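The shown structure was predicted, so the numbers you read here are calculated from the model rather than taken from an experiment.
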Amino acid sequence: RYFQKYIDDGVLVFDNPDHFRSIITACWILSNNWLSFVETGGETVQPDHIQQGIDMIFVVIRPYLAELYQHALAHVSPAHADLDKDVFYD
């Protein structure tokens, strides 16, 4: 229901409505499990890890973000200032 408002307002655009549930599920899995994943690698969670999780969620939703809002990502997540840049592997 939370994300439905973004669809209704034209912020998120899905050509195939079936993708909506999959994308939201993927974001939920990332948000709930990212820090545990970091810890399984033997790392202590740092603020940078939190930002990495946020960035990954944006990577998942970016293809569905209306063009008008694509550049707003640079303000929320500086890693997305260059929309052609792969946030994790450059």
Side-chain angles (χ1 to χ4, degrees):
R1 291 182 186 170
Y2 175 79
F3 282 98
Q4 186 62 48
K5 174 145 178 55
Y6 291 110
I7 293 170
D8 294 344
D9 291 345
V11 176
L12 293 172
V13 179
F14 293 91
D15 293 335
N16 182 340
D18 294 334
H19 290 170
F20 170 72
R21 187 170 195 74
S22 296
I23 295 303
I24 298 310
T25 300
C27 290
W28 180 82
I29 291 168
L30 278 169
S31 69
N32 284 317
N33 295 292
W34 171 246
L35 296 179
S36 294
F37 173 78
V38 169
E39 290 176 326
T40 61
E43 296 184 60
T44 301
V45 172
Q46 302 293 323
D48 286 350
H49 292 117
I50 295 168
Q51 186 62 50
Q52 285 176 341
I54 292 167
D55 290 341
M56 265 194 272
I57 289 170
F58 283 132
V59 166
V60 171
I61 67 168
R62 185 170 72 189
Y64 304 96
L65 196 61
E67 188 175 339
L68 177 65
Y69 300 97
Q70 291 275 337
H71 296 285
L73 282 181
H75 298 290
V76 177
S77 178
H80 293 277
D82 179 357
L83 295 178
D84 295 323
K85 176 182 170 186
D86 189 318
V87 178
F88 301 100
Y89 299 105
D90 272 355

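Residues Q51 and D55 form a side-chain contact, since some pair of their non-hydrogen atoms from C-beta on lies under 4.5 Å apart. Side-chain contact between W28 and I24 is absent, with no heavy atoms from C-beta onward closer than 4.5 Å. Looking at N33 and F37, their side chains never come closer than 4.5 Å, going by heavy atoms from C-beta outward.
Residue pairs meeting the salt bridge (Lys or Arg N to Asp or Glu O under 4.0 Å) criterion with at least one member in residues 8-30, sequence neighbours excluded: K5-D9.
Here I23 contributes atom CD1 and I57 contributes atom CD1; the two are 12.0 Å apart, rounded to the nearest 0.5 Å. To the nearest 0.5 Å, the span separating CZ on F14 from CD1 on I7 amounts to 5.0 Å. Here CD of Q4 is found 10.0 Å from CG of L12. Values are rounded to the nearest 0.5 Å.
In Y64, the OH atom is crowded: over 12 heavy atoms of neighbouring residues, nucleotides or ligands sit closer than 6.0 Å.
Smallest separation of non-hydrogen atoms from A66 and G10: CB-O, 3.1 Å. Summarising the geometry of W34 relative to H49, their closest heavy-atom pair is NE1-O, 2.7 Å, with the distance given to 0.1 Å.
By the rule that hydrophobic residues join a cluster once side-chain heavy atoms approach within less than 4.5 Å of another member, I50 and M56 end up as members of one cluster.
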